[in-house]
Chemist: 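Sending over a structure as structure tokens; questions will come in a sec.
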Amino acid sequence: MASIRVAEVLAALSLTTDLATGMPFEKGLAVCLIATAVAERLGLDEADRRVVFHAALLGAVGCTSRASENADSYGDDIAFQRAYHTLDPGDPDVFRDQLSRFGDWLPGTQAALRDRFVTEAPPGRPRGRPIRL
């Protein structure tokens with residue numbers, strides 16, 4: 001009887017997550033390879049490199065449980081996820097520029113989508129600092 005390794009299952013889930021969230025195909029696997037290369041360059045032993053490999057692979061397995069809510073709120077869950085995962089709230093100038101394009105997947109509703117997003121204050125957005133567009 002053939003056995004399936006945990007890493008194979010996680011890799012398949014990672015590919016599915018890439019598709020479900022609008023990320024480039026194999027993005028999660030690429031992150032895993034980069035993390036493993038960094039671990040090797042840092043001189044970690046094989047056991048620690050294996051931990052880094054699995055941790056990075058687990059990080060690439062996302063949750064799509066809010067897909068229907070995102071589709072209801074933003075018109076297209078995959079477009080929303082693609083935009084959301086590239087936002088950089090740590091840099092106010094970059095964030096402002098990104099928000100100026102937020103919602104461009106639904107022309108004519110872009111301002112409403114952006115305002116909804118800003119009002120809902122997702123995790124990671126700097127609170128207490130107003131966003132001026």
Side-chain angles (χ1 to χ4, degrees):
M1 178 181 200
S3 63
I4 298 174
R5 297 180 333 177
V6 171
E8 292 169 339
V9 173
L10 293 176
L13 289 172
S14 170
L15 294 172
T16 303
T17 300
D18 290 343
L19 291 173
T21 58
M23 292 292 105
F25 196 59
E26 297 184 344
K27 178 215 176 250
L29 296 179
V31 169
C32 184
L33 290 174
I34 292 167
T36 303
V38 169
E40 186 173 335
R41 184 162 273 201
L42 290 172
L44 298 181
D45 62 28
E46 185 178 341
D48 287 339
R49 287 195 314 265
R50 193 174 302 121
V51 169
V52 168
F53 171 84
H54 284 101
L57 196 50
L58 279 170
V61 176
C63 180
T64 58
S65 66
R66 291 196 39 84
S68 61
E69 291 89 347
N70 290 340
D72 286 345
S73 294
Y74 299 103
D76 182 334
D77 173 61
I78 292 175
F80 168 76
Q81 289 290 337
R82 187 178 302 120
Y84 180 76
H85 287 291
T86 58
L87 290 174
D88 182 4
D91 184 327
D93 292 332
V94 169
F95 193 47
R96 183 176 21 266
D97 183 54
Q98 290 171 325
L99 283 178
S100 73
R101 295 185 310 275
F102 189 85
D104 61 0
W105 58 88
L106 282 177
T109 63
Q110 186 175 358
L113 294 176
R114 181 190 61 235
D115 293 346
R116 179 177 299 130
F117 179 76
V118 170
T119 301
E120 290 179 2
R125 183 176 76 78
R127 295 185 186 264
R129 290 193 287 176
I131 299 169
R132 293 184 179 82
L133 297 177

Chemist: Return the set of residues passing side-chain hydrogen bond (donor to acceptor under 3.5 Å, both in side chains) with D18 (not counting sequence neighbours), or none when no residue passes.
Modeler: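 Per chain and number, D18 pairs via side-chain hydrogen bond (donor to acceptor under 3.5 Å, both in side chains) with no residue.
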Chemist: Would you find a donor on one side and an acceptor on the other, under 3.5 Å apart, between the side chain of T36 and the backbone of C32?
Modeler: yes
Chemist: Are L10 and F53 co-members of a hydrophobic cluster defined by side-chain heavy atoms under 4.5 Å apart?
Modeler: yes
Chemist: Considering all heavy atoms of both residues, which atom of L29 and which atom of A11 are nearest to each other, and what is their separation?
Modeler: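 Closest approach of L29 to A11, heavy atoms only: CD2-CB, 3.9 Å.
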Chemist: Is a donor on one side and an acceptor on the other found under 3.5 Å between the side chain of T86 and the backbone of A83?
Modeler: yes
Chemist: Is there a path of hydrophobic side-chain contacts, each under 4.5 Å between heavy atoms of I, L, V, M, F, W or Y residues, that connects V31 with L87?
Modeler: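 Different clusters.
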Chemist: For A7 and L57, work out which heavy atoms get closest and say how close.
Modeler: O-CD2, 3.6 Å
Chemist: Grab the two heavy atoms, one from G75 and one from L106, that are nearest each other, plus how far apart they are.
Modeler: CA-CD1, 3.6 Å
Chemist: Quick one: pull up CG in L113 and CG in L99 and give me the separation to the nearest 0.5 Å.
Modeler: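 Answer rounded to 0.5 Å: 12.0 Å.
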Chemist: Would you give the length of the straight line joining atom CG of D104 to atom CZ of R114, rounded to the nearest 0.5 angstrom?
Modeler: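 Going from CG on D104 over to CZ on R114, the span is 11.0 Å.
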Chemist: Roughly how far, to the nearest 0.5 Å, is CG of L19 from CZ of F25?
Modeler: 5.5 Å
Chemist: When rounded to the nearest 0.5 angstrom, what is the spacing between CZ in F117 and OG1 in T119?
Modeler: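 Reported value, rounded in 0.5 Å steps: 10.5 Å.
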Chemist: Between E26 (side chain only) and S14 (backbone N and O only), is there a donor and an acceptor less than 3.5 Å apart?
Modeler: no
Chemist: Taking only residues two or more places apart in sequence or in another chain, which ones pass side chain to side chain contact (heavy atoms under 4.5 Å, CB included) with E8?
Modeler: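 Per chain and number, E8 pairs via side chain to side chain contact (heavy atoms under 4.5 Å, CB included) with I4, R5.
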Chemist: Test of understanding: with side chain to side chain contact (heavy atoms under 4.5 Å, CB included), list the residues that count as partners of L33, not counting sequence neighbours.
Modeler: none
Chemist: What residue pairs, at least two apart or across chains, pass side-chain hydrogen bond (donor to acceptor under 3.5 Å, both in side chains) with a residue in residues 41-59?
Modeler: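 Matches after skipping sequence neighbours: E46-R50.
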Chemist: Side chain to side chain contact (heavy atoms under 4.5 Å, CB included) with I78: which residues, sequence neighbours excluded?
Modeler: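 Only D76, R82 meet the side chain to side chain contact (heavy atoms under 4.5 Å, CB included) criterion with I78.
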Chemist: Just jot down the side chain to side chain contact (heavy atoms under 4.5 Å, CB included) partners of V94, sequence neighbours excluded, or say none.
Modeler: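 Side chain to side chain contact (heavy atoms under 4.5 Å, CB included) list for V94, sorted by chain: D88, D91, Q98.
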Chemist: Over 60° means perpendicular and under 30° means parallel, so tell me whether F80 and F102 are parallel, tilted or perpendicular.
Modeler: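 Ring orientation of F80 relative to F102: perpendicular.
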Chemist: List the steps and the verdict of side-chain contact (heavy atoms from CB on, under 4.5 Å) for Y84 and N70.
Modeler: CA-CA 11 Å; Y84 180 76; N70 290 340; over 6 Å; no
